[in-house]
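Lettering of chains follows the sequences in order, A, B, ..., and the numbering in each one begins at 1.
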Protein chains: 2
Amino acid sequence: MSNTKQVIKKLREIIKQKGLKNTKQREIILETVLDDKNHLSAEDIYNKISKKYKDENIGMATVYKALKFLEETELINSITIDNTKKFETNFKGHHDHLVCVKCNKIIEFMSETIEDEQEKIAKDNKFVLLKHTMYLYGYCGNCS
Amino acid sequence: MSNTKQVIKKLREIIKQKGLKNTKQREIILETVLDDKNHLSAEDIYNKISKKYKDENIGMATVYKALKFLEETELINSITIDNTKKFETNFKGHHDHLVCVKCNKIIEFMSETIEDEQEKIAKDNKFVLLKHTMYLYGYCGNCS
DNA sequence: CTGATTGCAAATCATTTGCATTTGG
DNA sequence: CCAAATGCAAATGATTTGCAATCAG
């Protein structure tokens, strides 16, 4: 079973558990985020869906409402770049981001060294870490 | 000579060097950011200035234009929280943040190990780093 | 003088909200 | 059934832009 199917199953469980109602739209929106390797803005998602599901006619507000719900239930997460939220799946392991300030390209990475050091710093300051965000900004190979 | 005075001197140099014109407004806006220990939104700055310099009558657009200029010239920097940019001086040495999710206490720290590793990661990905932001979220000693 | 900067108002962009209509359980 | 979700349009909030008036060099 693909990861996407699993996450959609998880969505259905959450909806059932909360006593809400499942809809095709919300599943399409989630699937669109899950299946894209890039970070997508609400508008990106709206455009992709409008093209792929011409018949459906999904409104922008629905996209925003669904994204908000999906982020709250931690099925997806977002980062803000250039005054715009970009969404991605929350099921591909923790990673941090390199962001090109010119072309906005995003590269994901993960460094055990940094993760270990973060834990050490937290411990030194008597903090119990829950999560963190790290963005490195600069010029990518093409833009520098 | 205070740090603030030094930075304002720097602003004047930049303006002269670029052949632009110095204004009281821009200096007031810069000074407001420099002298505040917190991160301020454009509106925060506008409000502080409106109160402190009742006679001046500085417009919101002027605040935004000045902040943009000051960030471009790297006299200040910003982070985006909750769809709103918050500005702070760029002259108190680089640091990252530990944030308590319960009491909102913020501890600033700096780790050479992490900085070095970040440079290494950037290099591996052919990035030229300009800056970065790192926030570690968790419970502080008092709240956990 | 003259081009840069200001300050107002109007415009824009991303996102949210109100509400009548539709739909899932 | 009926509360939840949709989809449109209008509202919002942060930021930008156009432009006439002002001001610094």
(Q) Need one value for Lys65(A): base, sugar-phosphate or nothing, where a base atom within 4.0 Å counts as base even if backbone is also close, heavy atoms only. (A) base

Q: Looking at every strand, decide which applies to Thr62(A) at a 4.0 Å heavy-atom threshold: base, sugar-phosphate, or nothing.
A: base

Q. Can a donor-acceptor pair be found between the side chains of Gln25(B) and Thr62(B) at a distance below 3.5 Å?
A. no

Q: May I have the distance from Ile29(B) (atom CD1) to dT15(D) (atom P), rounded to whole angstrom?
A: 14 Å

Q. Does Gln25(A) have a side-chain nitrogen or oxygen under 4.0 Å from the phosphate oxygens OP1 or OP2 of dT23(C)?
A. no

Q: Between dT5(C), dT16(D), dG7(D), spot the one nearest the side chain of Lys68(B), thanks.
A: dT16(D)

Q: Answer yes or no: does atom CD of Glu108(B) have more than 12 heavy-atom neighbours from other residues, nucleotides or ligands under 6.0 Å?
A: yes

Q: Provide, to the nearest angstrom, the distance between the CD1 atom belonging to Ile15(A) and the C1' atom belonging to dT23(C).
A: 14 Å

Q. How many Å lie between CG on Asn57(B) and C1' on dA9(C), as a whole number?
A. 14 Å

Q) When you check the phosphate oxygens OP1 and OP2 of dT6(C), does a side-chain N or O of Thr23(B) lie under 4.0 Å from one of them? A) yes

(Q) At less than 3.5 Å, do the side-chain atoms of Lys21(A) and the base atoms of dA4(D) form a donor-acceptor pair? (A) no

Q: Compute whether any side-chain donor of one residue and acceptor of the other, for Asp96(B) and His132(B), lie under 3.5 angstrom apart.
A: yes

Q: Evaluate the criterion salt bridge (Lys or Arg N to Asp or Glu O under 4.0 Å) for residue pair Lys92(A) and Glu88(A); output intermediate values, then yes/no.
A: CA-CA 9 Å; Lys92(A) 57 174 180 179; Glu88(A) 66 170 346; 3.6 Å; yes

**Q.** Spacing of Leu20(B) atom CG relative to dT2(C) atom P, expressed in whole Å
**A.** 19 Å

Q. Where each residue is assigned the nucleotide of DNA chain D containing its nearest heavy atom, which of Phe87(B) and Lys24(B) is assigned the position nearer the 5′ end?
A. Phe87(B)

(Q) Using heavy-atom distances to pick each residue's nearest nucleotide on DNA chain C, tell me which of Ala61(B) and Gly19(B) is more 5'. (A) Gly19(B)

(Q) Assuming nearest nucleotide by heavy-atom distance, tell me which of Asn83(A) and Arg26(A) is located more 5' along DNA chain D. (A) Arg26(A)

Q) For the pair made of CG in Leu67(A) and P in dA14(C), what is the distance, rounded to whole Å? A) 14 Å

Q. In whole angstrom, what separates Tyr46(A)'s OH from dA9(D)'s C1'?
A. 13 Å

Q) Is the His97(A) ring parallel, tilted or perpendicular to the Tyr135(A) ring (thresholds 30°, 60°)? A) tilted

Q. What is the distance, rounded to the nearest whole Å, between atom OH of Tyr64(A) and atom P of dT6(D)?
A. 16 Å

Q. For DNA chain C, whose closest nucleotide is more 5', that of Asn22(B) or that of Lys86(A)?
A. Asn22(B)

